[in-house]
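Taking it in order: structure first as structure tokens, then the write-up.
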Number of protein chains: 4
Amino acid sequence: MTSRKQEKFEMILDAAEKVIAENGFHGSQVSKIAKEAGVADGTIYLYFKNKEDILISLFQDRLGKLVDLFNSSIRDTSTADEALRKICEIHLSQLEQNVDLAYVTQIELRQSSLELRKAIGLAVKPYIVLIEQVLIRGIEEGSFRADLDTKLTRQLIFGALDEVVTSWLISGMKYSMTEQVEHTVDFFLRGLK
Amino acid sequence: MTSRKQEKFEMILDAAEKVIAENGFHGSQVSKIAKEAGVADGTIYLYFKNKEDILISLFQDRLGKLVDLFNSSIRDTSTADEALRKICEIHLSQLEQNVDLAYVTQIELRQSSLELRKAIGLAVKPYIVLIEQVLIRGIEEGSFRADLDTKLTRQLIFGALDEVVTSWLISGMKYSMTEQVEHTVDFFLRGLK
Amino acid sequence: MTSRKQEKFEMILDAAEKVIAENGFHGSQVSKIAKEAGVADGTIYLYFKNKEDILISLFQDRLGKLVDLFNSSIRDTSTADEALRKICEIHLSQLEQNVDLAYVTQIELRQSSLELRKAIGLAVKPYIVLIEQVLIRGIEEGSFRADLDTKLTRQLIFGALDEVVTSWLISGMKYSMTEQVEHTVDFFLRGLK
Amino acid sequence: MTSRKQEKFEMILDAAEKVIAENGFHGSQVSKIAKEAGVADGTIYLYFKNKEDILISLFQDRLGKLVDLFNSSIRDTSTADEALRKICEIHLSQLEQNVDLAYVTQIELRQSSLELRKAIGLAVKPYIVLIEQVLIRGIEEGSFRADLDTKLTRQLIFGALDEVVTSWLISGMKYSMTEQVEHTVDFFLRGLK
DNA sequence: CATGAATGAGCCTTCATTCAT
DNA sequence: GATGAATGAAGGCTCATTCAT
């Protein structure tokens, strides 16, 4: 019963992702998402409060899964250096492998109301915190500088990675982001030491 | 005649900046901008092709002035290190001193159509290139690593700075960005060496 | 079996009255009535043809009980004057004592479709006829003028009483309608003589 | 210029009256009113705040004209009796001659939200007050009883007249209301003496 | 050059009713 | 008999742009 509800919930999210990727944020009407999901317009509102709620849920769901992936990957690392490398690797490779997701999160969802952007900000926070935890771990390990401003630095790292993905998309995905992991990690680690 | 045209052109841009800062992107109708500028709605269309053209022009004008400021400031520097420091200083201090401008460029103008965002991307390009030129200069001076991927690194630096400003705005401008210049430059320079 | 059906039928009517009094006509969805009655949405349709049928039934049921009350009260009167006084007394006191009912019949149910209003008109008819019977009785008793247009006068009396209740509700029930019975009856009786 | 605005304002009100009379309250979409008035949908909103505002304005305009008519007619009367007779005459004859208006005010506009009904109540108030002024004049002239409750009696008279018109409409306008003036006035005057 | 009244396309959401379980 | 998830039609309002004056 609950699994059936969950199932339809995800069907609608999948449909929303596809529709937004194909039609852009402003071209994605609720009716289009409903059609893609194979349900009636009204059904959408049994699972989501309103259109904005679909978008927020989409972002939370996708980002939540990524953060889970980050967490489990980092657990197996023996040094903060390795953990940071994992973060960069996953961040860039995951979005490279999910172009629809990358397009929706980097380009389309940002064209939204302030309200929605705040909700998205909340969903991103756990990831930013995760980065900071790695920084703290590095300091404790004695591997990173003790005088780092961890709150500032987590922003520098997140912003840099975020821009790499956006630029890659806008350029038309003409190159491989995976190849950029090494240089990116290198830049960060030198900055941290 | 032309100077009169130029005058009204800038009046409209000033009005647009003020209206967007006060009402947000979605609350900024052409009629509101016209009223703020003291002209009729139709007059707007004697100076701009359409609404998008106002926004693009606004971004180009403001960013153009910033790039001029960057260029002249860098001209007087004796090392690439100093030039990069100047860039960070100006980037953060200028936007800290022009909250309206910061708000409009970092938050509001990003809620726009893909079309507009591409145009904004073009306007940002000269600034990104400027950063790259400093990187090249540093390599030539022997101050920065020769194996830097300058195209990647310029993105890392721009993205990091961009995120610092956005976070500062979203946090409610509770702290001073100027105080963050030192740590930020430090992080970059270590990454570059 | 039938009594069980009757029981649930009345539970739904009671729920409808309460929901309409609390939420107004336009705020009274079938689902809300079902919830208040403690049954599923679909169950409503086992007892009523459609939503309109609930409202008509509600009106008929409540008015029917009132008309019964009118009839039994009038039966015990010895003159037409006394009968008319009884009518006014019951009309105003009953609605004063049942604010929910008054609100629903005078304000909310009138915001309905023509279809529904016609059905309501039919339900009111017996009451109007009752008034006319008292008028005829008065003429036969020689107490009222013989030249009365009974069909017109029954409307004048009903309309006047109806307006008294509506005004009382709209004014916020700041005074007692019972205190107005005397003057009202007085006005009618003089008009009838 | 202002007269042109006034002209279009009235064109829209005329269109609204016609559309509502033909299609009923719930069948009167803004687009239908716009089409009937020969303007674009959006134009409606240059003259009215929203759909409700059209209806309120319609009621105010029509009732305002009626109240003007009442006032000027009463001015020429020499006794309160004559004034009351004028009120009944105009009330019934005007609505008999304007079936569309009668239908809209007595039937359709009452199927509206509480908000709208309150606004309508305000528009009716001046007319109710006018009736009361005649009552007071009658008392002062020594023609009506001094112990009349004028606030109650004005409601009785208004409610009675209102019901006469509604009944006439619902019955299918099968008889003449003008013929009922005499009996109606007679009933009222006896009640007042 | 400037005006501003007029245009009209476009979309989210509600809720009475149904029907498979 | 009872359930409640699913349906899908329907409409008020905004606002960028035009064009007659």
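Naming convention: chains lettered A, B, ... in sequence-line order (proteins, then strands); numbering from 1 in each chain.
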Quick one: label C:Lys8 by what it contacts on the DNA or RNA (base, sugar-phosphate, nothing), any heavy atom closer than 4.0 Å. sugar-phosphate
Residues within residues 13-23 of chain C bordering DNA chain E, heavy-atom distance below 4.0 Å: none
Can you find a heavy atom in the side chain of B:Val30 that is under 4.5 Å from one in the side chain of B:Asn50? no
Just to confirm, is there a sub-4.0 Å distance from OP1 or OP2 of E:dA6 to any side-chain nitrogen or oxygen of D:Tyr47? yes
Have a look at C:Phe48 and say if it touches a base, only the backbone sugar-phosphate, or nothing, with a 4.0 Å heavy-atom cut-off. nothing
Return the value, rounded to whole Å, for the distance between atom CD of A:Glu7 and atom C1' of F:dA5. 14 Å
Can you tell me how far P of E:dG8 sits from NZ of D:Lys35, to the nearest Å? 12 Å
d(A:Thr166 OG1, A:Tyr103 OH) to nearest 0.5 Å is 11.5 Å
Return all side-chain donor-acceptor pairs below 3.5 angstrom for residues 54-66 of chain C, not counting sequence neighbours, or 'none' if the list is empty.
{"from": "C:Ser57", "atom 1": "OG", "to": "C:Asp53", "atom 2": "O", "distance (Å)": "2.6"}
{"from": "C:Asp61", "atom 1": "OD2", "to": "C:Lys65", "atom 2": "NZ", "distance (Å)": "3.2"}
{"from": "C:Arg62", "atom 1": "NE", "to": "C:Glu17", "atom 2": "OE1", "distance (Å)": "2.7"}
{"from": "C:Arg62", "atom 1": "NH2", "to": "C:Asp14", "atom 2": "OD1", "distance (Å)": "2.9"}
{"from": "C:Arg62", "atom 1": "NH2", "to": "C:Glu17", "atom 2": "OE1", "distance (Å)": "2.6"}

For D:Lys18, the salt bridge (Lys or Arg N to Asp or Glu O under 4.0 Å) test, sequence neighbours excluded, returns D:Glu36
If we check side-chain contact (heavy atoms from CB on, under 4.5 Å) with B:Tyr47, which of these qualifies: B:Ile12, B:Val39, B:Leu13? B:Ile12
From CZ of A:Phe9 across to P of F:dA6 the rounded distance in Å is 14 Å
Would you say the side chain of C:Gln106 lies within less than 4.5 Å of the side chain of C:Asp162, judging by non-hydrogen atoms? yes
Value rounded to 0.5 Å, distance of CD1 in A:Ile120 from NZ in A:Lys125: 16.0 Å
Once you round to the nearest 0.5 Å, how far does CD1 of B:Ile20 lie from CD1 of B:Ile33? 5.5 Å
Tell me the interatomic distance from A:Ile54, atom CD1, to E:dC11, atom C1', rounded to whole angstroms. 13 Å
Only stems of 3 or more consecutive Watson-Crick or G-U pairs count here, both distances under 3.5 Å; name the ones for DNA chain E, or none. E:2-21 with F:2-21
For the NZ atom of B:Lys8 and the CD1 atom of B:Ile44, what is their distance to the nearest 0.5 Å? 10.0 Å
P atom, F:dT21 versus E:dC1: distance in rounded Å? 23 Å
Whole-Å gap separating P (E:dA6) and CE (D:Met11): 10 Å
Which distance, rounded to the nearest 0.5 Å, do you find between the CG of B:Leu169 and the OG1 of B:Thr105? 8.0 Å
Suppose we screen for salt bridge (Lys or Arg N to Asp or Glu O under 4.0 Å). Which residues come up paired with D:Asp41, at least two apart in sequence or across chains? none
Separation of atom CD1 in C:Ile44 from atom P in F:dT3, rounded to whole Å: 10 Å
Rounded to whole Å, please give me the gap between CG in A:Leu55 and P in E:dC12. 10 Å
What string of B, S and - do you get for nucleotides 8-15 of chain F 5' to 3' if you count protein non-hydrogen atoms under 4.0 Å? B--SSBBS
